[in-house]
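Okay, so here's the structure we're looking at.
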Amino acid sequence: MAKHALVTGGGRGIGLAIATSLAGEGMRLTLVGRDRGRLEEAAKPLKATPIAADVSDPKAIERAHADAVVKSGPVDVLVNNAGIVETALVHKTSLKMWERLLRVNLTGAFLWSKAVVPAMVERKWGRIVNIGSTTSQRGYAYVAAYAASKHGLLGLTRSLAMEVAKAGVTVNAVCPGYTDTDIVSEAVKAIVAKTGKGEDFAEASLTQYNPQDRLIRPEEVAATVLWLVRPGSESVTGQAISLSGGEIM
Ligand code: NDP
């Protein structure tokens with residue numbers, strides 16, 4: 001039977017690119033996100049099952065997981081992609097913002113992993129791919145809460161990889177630099193508003209970190225996820241794979 005892949009935040013951006021490439025492999029797909037309308041629209045051409053759930057809500061994850069298993073069987077491939085970004089200097093970061101970022105970006109991935117791992121281990125095959133970031137591997141000003149959540153995601157990735165190494169399950173993180181999605185459009189708008197300078201200046205202030213001087217394309221992230229899921233990458237586990245044009249090495 002075709003494998004079942006579940007992508008959180010699969011309705012747009014990087015998640016949608018990943019979902020599209022997994023659909024191309026003939027997998028049964030479940031897309032999870034909060035915006036039901038957007039999910040349904042994204043799911044239709046991919047023949048995917050859309051399930052509206054907030055990954056910061058443990059009960060919603062439990063329900064969504066149970067729903068997904070009833071509709072498409074145990075999850076073989078989990079892509080923890082749902083994520084949010086908010087920026088502030090540490091002394092201006094509220095406790096609420098800190099907790100919100102950790103809950104969505106880190107605790108959500110923990111709860112989804114916890115839900116799917118027992119069946120993967122039992123079936124002796126599974127792939128978990130966490131979408132980290134260059135902020136999983138280095139710090140930048142203004143993003144302490146986001147970077148803490150993405151560093152934490154790497155800790156989860158590495159430890160879980162050790163726990164399931166003998167069970168045919170691999171756990172990896174794909175860590176892109178600034179990627180051309182809504183997150184970057186919002187960042188560009190915020191920089192323009194703050195500095196009063198043009199969009200070119202704003203975009204350059206983001207691409208300056210990438211030695212290739214460009215944004216990553218969502219399809220590049222999807223291609224790396226595909227490699228981790230396809231036969232041939234069985235020995236790759238516990239890794240943080242940097243997609244950053246050489247920024248991280
Ligand atoms: P987008 O803002 O385009 O998409 C984010 C996705 O996450 C949406 O599908 C959104 O769906 C979903 N999401 C957000 N919060 C929740 C929640 N509480 N529950 C369920 N789903 C949620 O971002 P990207 O595609 O750019 O980002 C995807 C991932 O890649 C994130 O983890 C991000 O941190 C990471 N990343 C992005 C980079 C970039 O520059 N774009 C660089 C490095 C990493 P909905 O709104 O329907 O809930």
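Each ligand, and each atom within it, is numbered from 1 in the order the structure gives.
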Between [X] and ligand 1, does any nitrogen or oxygen pair lie at a separation below 3.5 Å?
X: Gly9; answer: yes
X: Ser56; answer: no
X: Tyr178; answer: no
X: Ser133; answer: no

Per [atom], closest listed option by heavy atom ([options]):
atom: atom 31 (C) of ligand 1; options: Ile14, Val79, Val55, Asn81; answer: Asn81
atom: atom 44 (C) of ligand 1; options: Gly177, Gly83, Gly132; answer: Gly132
atom: atom 20 (C) of ligand 1; options: Gly108, Ala53, Ala17; answer: Ala53

Linking I/L/V/M/F/W/Y whenever their side-chain heavy atoms sit closer than 4.5 Å, directly or via other members, would [X] and [Y] fall into one cluster?
X: Leu16; Y: Ile14; result: yes
X: Leu39; Y: Val69; result: no
X: Val79; Y: Ile51; result: no

Close-contact set for ligand 1 against [X] heavy atoms, below 4.0 Å:
X: Ile84; result: 14 (C), 15 (N)
X: Gly13; result: 3 (O), 25 (O)
X: Asp54; result: 17 (C), 18 (N), 19 (N)

Where is the nearest protein heavy atom to [atom]: which residue, which atom, and how far?
atom: atom 33 (C) of ligand 1; value: Tyr146 OH, 3.5 Å
atom: atom 21 (N) of ligand 1; value: Ala82 CB, 3.6 Å
atom: atom 11 (O) of ligand 1; value: Arg12 NH2, 4.0 Å
atom: atom 43 (C) of ligand 1; value: Pro176 O, 3.2 Å
atom: atom 26 (O) of ligand 1; value: Thr181 OG1, 2.5 Å
atom: atom 47 (O) of ligand 1; value: Asp35 N, 2.9 Å
atom: atom 48 (O) of ligand 1; value: Arg34 NE, 2.6 Å
atom: atom 27 (O) of ligand 1; value: Ile183 CD1, 3.7 Å

Sub-4.0 Å heavy-atom contact, Glu186 with ligand 1: no

Ligand 1 contacted by Thr8 (non-hydrogen, < 4.0 Å): no

Between [X] and ligand 1, which residue portion shows a heavy-atom distance shorter than 4.0 Å: side chain, backbone, both, or neither?
X: Thr179; result: both
X: Arg38; result: neither
X: Val184; result: side chain

Approximate separation, where rounding is to 0.5 Å, of [X] [atom1] and [Y] [atom2]:
X: Met27; Y: Leu22; atom1: CE; atom2: CG; value: 5.5 Å
X: Glu186; Y: Thr181; atom1: CD; atom2: OG1; value: 9.5 Å
X: Leu156; Y: Ile128; atom1: CG; atom2: CD1; value: 8.0 Å
X: Leu31; Y: Leu46; atom1: CG; atom2: CG; value: 6.5 Å
X: Ser244; Y: Ile216; atom1: OG; atom2: CD1; value: 6.5 Å

Salt-bridge present (Arg103, Asp57; N to O < 4.0 Å): no

Side-chain donor/acceptor of Asn105 to backbone N/O of Ser149, under 3.5 Å: no

Donor-acceptor pair, side chain of Arg127 and main chain of Leu228, under 3.5 angstrom: yes

Tyr209 ring center near Tyr140 ring center (under 6.0 Å): yes

Donor + acceptor pair across side chains of Asn81, Thr8 (<3.5 Å): no

Asp67/Lys71 under salt bridge (Lys or Arg N to Asp or Glu O under 4.0 Å): CA gap, chis, key distance, verdict: CA-CA 6 Å; Asp67 231 27; Lys71 286 192 179 118; 3.5 Å; yes

